[in-house]
Amino acid sequence: MTTRHLPPYVARITKFLPLAPLERLISKAAEHVAKEHPDFFERLDDYAGKSYVIMPSDLDWITALSFQNAHVQIRLSRSLEAFPNRDVLVKAPILSLLNLLDGQEDGDALFFSRDLTIEGDTEAVLALRNALDDAEIDFLYQIAQLAGPLSDPIESSAKSFLSRLQNRKTSSNPDIDIRHGMTGPYPS
Amino acid sequence: MTDQPLKSEALTPMELVCPAGTPAALRTAVDAGADTIYCGFRNETNARNFPGLNFSLKELQRGIDYAAQKRAKILVAINTFAQAGKTDLWKRSIDDVAQSGAHAAILADIGMLDYAARTHPDLRLHLSVQAAAANADMINYYAHEFGVKRVVLPRVLTVQEIAAINAEIACETEVFIFGGLCVMAEGRCALSSYCTGKSPNMNGVCSPPGDVSYEEYPDHLESSLSGITINQYPKGEAAAYPTLCKGRFESAGTTGYVFEDPVSLNAAHLLPALQKAGVTALKIEGRQRGKAYMAQVVASFRRAVDALSTGDNIPLETLLAPLTEGQKSTKGSYQKTWR
């Protein structure tokens with residue numbers, strides 16, 4: 001089992017990141033992704049117009065996404081109150097969210113382990129999860145591409161750093177012991 | 001029945017049949033070692049009709065081509081029951097499968113089996129688990145009348161009963177070995193309909209997501225279906241799907257799982273016994289799951305099936321526990337020890 005929680009020192013550093021330039025950076029990468037993955041919007045279908053709010057549980061910023069007209073609109077905020085008209089709220093550690101994005105972790109398994117919680121329009125959440133899982137998006141690659149000639153070293157450094165964080169050996173959710181699972185009588 | 005592995009080299013190798021809800025999942029399953037992949041169209045004709053899931057005809061054809069490169073086969077599930085006045089959708093889907101080059105169609109509706117057998121005599125037909133064919137007479141009827149070549153057995157039989165059926169039928173059997181576990185007879189369960197008006201049998205959805213809601217409270221997570229509370233998970237307890245059959249209710253003065261606990265099927269230990277019982281194919285449930293599930297579950301069972309020829313037993317319970325509902329597994333009715 002890999003760790004999905006950011007170490008506190010990394011979470012603390014991200015508190016000082018200015019949101020406006022970060023929003024521009026992520027939006028630009030998302031537009032590249034949108035152009036390369038037209039099937040994603042087709043699969044999302046009627047749910048493209050929904051407002052998805054993604055809340056990394058170990059960071060202090062929140063992302064709102066919508067996908068109308070084959071474009072990705074992204075807004076960042078430090079407060080959930082900034083998105084009162086959201087249709088969906090998805091909450092999980094940032095590393096798990098990144099793993100979901102590139103298909104390294106199973107959404108249902110994250111839900112079973114209580115690492116991921118959802119509120120709001122369950123149909124829209126499923127549509128987004130399935131569309132993302134099919135799209136095979138390498139978001140770190142897309143972000144690194146914005147760095148032009150430095151894209152390769154930036155991508156490999158970022159991936160190596162994330163890999164080290166993922167492979168730290170502790171339980172993903174210390175509250176749940178997977179050897180025992182739920183309490184109560186079970187069939188053998 | 002024993003958990004000791006049996007050496008099975010003299011027996012025919014069993015086929016590993018794996019799910020795919022998206023083209024990416026299909027490629028993942030093929031790459032992980034699936035012999036056969038089953039999938040469905042993006043409509044009410046298949047029993048996993050969830051938003052963002054399933055295939056267009058073009059995606060199916062690309063999937064068939066991809067699988068063929070690695071000598072894998074594609075099955076297409078058209079396994080809901082055709083709705084009155086809308087049977088053209090089911091018939092068109094059967095026509096599409098017949099022309100797609102898929103290995104077989106998996107059907108449940110007796111009328112659609114008749115249509116497929118008469119209209120496309122060369123189309124290989126499998127009988128879906130949704131048909132709930134649980135005895136030799138019933139299976140032989142489908143095989144004789146419609147030329148069904150394989151039946152997916154309902155998850156209500158012991159290994160001994162499966163062996164007895166195999167001794168009396170003229171077609172292949174496929175059994176579930178891993179994944180979500182219906183505790184009711186498939187194709188006949190009305191619990192989801194009772195609550196939401198929609199069922200896997202007619203609409204392809206059990207507990208349709210539009211009727212599901214989750215609410216996070218300081219000390220527990222609550223899941224509801226059409227306003228009916230299905231479960232409350234205290235902090236620290238693994239969660240499960242919001243289905244009525246695995247809900248926790250008050251009854252006779254106690255609160256508990258009235259129908260069944262939230263667990264998934266894992267019959268890894270029973271592979272030698274299933275092989276000895278004459279089973280042709282082993283099926284993994286989970287078209288609604290993501291690529292990560294496919295990669296891990298399919299690769300694990302590939303190793304377990306391949307190891308049968310040497311008598312090796314590859315333990316999968318702990319390895320796959322995080323992917324199972326409630327993070328617990330059961331051998332289900334293969335070894336009946338239910339309360």
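Atom set for the values below is all heavy atoms of this structure, side chains included, hydrogens, waters and symmetry mates excluded.
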ask   = What distance do A:D39 atom CG and B:E59 atom CD have between them, rounded to the nearest 0.5 Å?
value = 6.5 Å
key: A:R114 side chain to B:A239 backbone, donor-acceptor under 3.5 Å   = no
request  = Sort B:N54 into side chain, backbone, both or neither according to what part of it lies under 4.5 angstrom from a heavy atom of chain A.
outcome  = backbone
ask   = Do the side chains of A:T122 and B:Y214 get nearer than 4.5 Å, heavy atoms only?
value = yes
task = Find the distance between CZ (A:R129) and OG1 (B:T22) and round it off to the nearest 0.5 Å.
result = 9.5 Å
Chain B contact via A:Q104 - which portion, at a heavy-atom distance below 4.5 Å = backbone
task = Among B:L26, B:L323, B:D211, single out the residue with the greatest number of heavy-atom pairs under 4.5 Å to chain A.
result = B:L323
remark   = Separation between CD (A:E105) and OH (B:Y293), nearest 0.5 Å, reads 16.0 Å
task = Using a cut-off of 6.0 Å, state whether more than 12 heavy atoms not belonging to B:R302 lie near its atom CZ.
result = yes
inquiry  = For A:K159, I'd like to know if atom NZ has over 12 heavy atoms of other residues, nucleotides or ligands within 6.0 Å.
reply    = yes
task = Please look at A:F111 and chain B and tell me whether the side chain, the backbone, both or neither of the residue comes under 4.5 angstrom of a heavy atom of that chain.
result = both
inquiry  = Taking OH in B:Y66 as the centre, count heavy atoms belonging to other residues, nucleotides or ligands within less than 6.0 Å. Is the count above 12?
reply    = yes
request  = To the nearest 0.5 angstrom, please state how far the CD1 atom of A:I118 sits from the CD atom of B:E216.
outcome  = 10.5 Å
key: Engaged part of B:L221 at the chain A interface, taking heavy atoms whose separation is under 4.5 Å   = both
key: B:S56 versus chain A, the contacting section by heavy-atom distance below 4.5 Å   = neither
Which atoms of B:P208 approach chain A - backbone, side chain, both or neither, heavy atom under 4.5 Å = neither
task = May I ask you to decide whether A:E136 forms a salt bridge with B:R27, counting only side-chain N to carboxylate O separations under 4.0 Å?
result = yes
task = Could you tell me which of B:P234, B:A292, B:P51 has the largest number of non-hydrogen atom pairs under 4.5 Å with chain A?
result = B:P51
task = Mind checking the CG-CD spacing from A:L126 to B:Q288? Nearest 0.5 Å is all I need.
result = 9.5 Å
ask   = Can you tell me how far the CG atom of A:L100 sits from the NZ atom of B:K291, to the nearest 0.5 Å?
value = 10.0 Å
inquiry  = Under 4.5 Å from any heavy atom of chain B, what part of A:D134 do you find: side chain, backbone, both or neither?
reply    = both
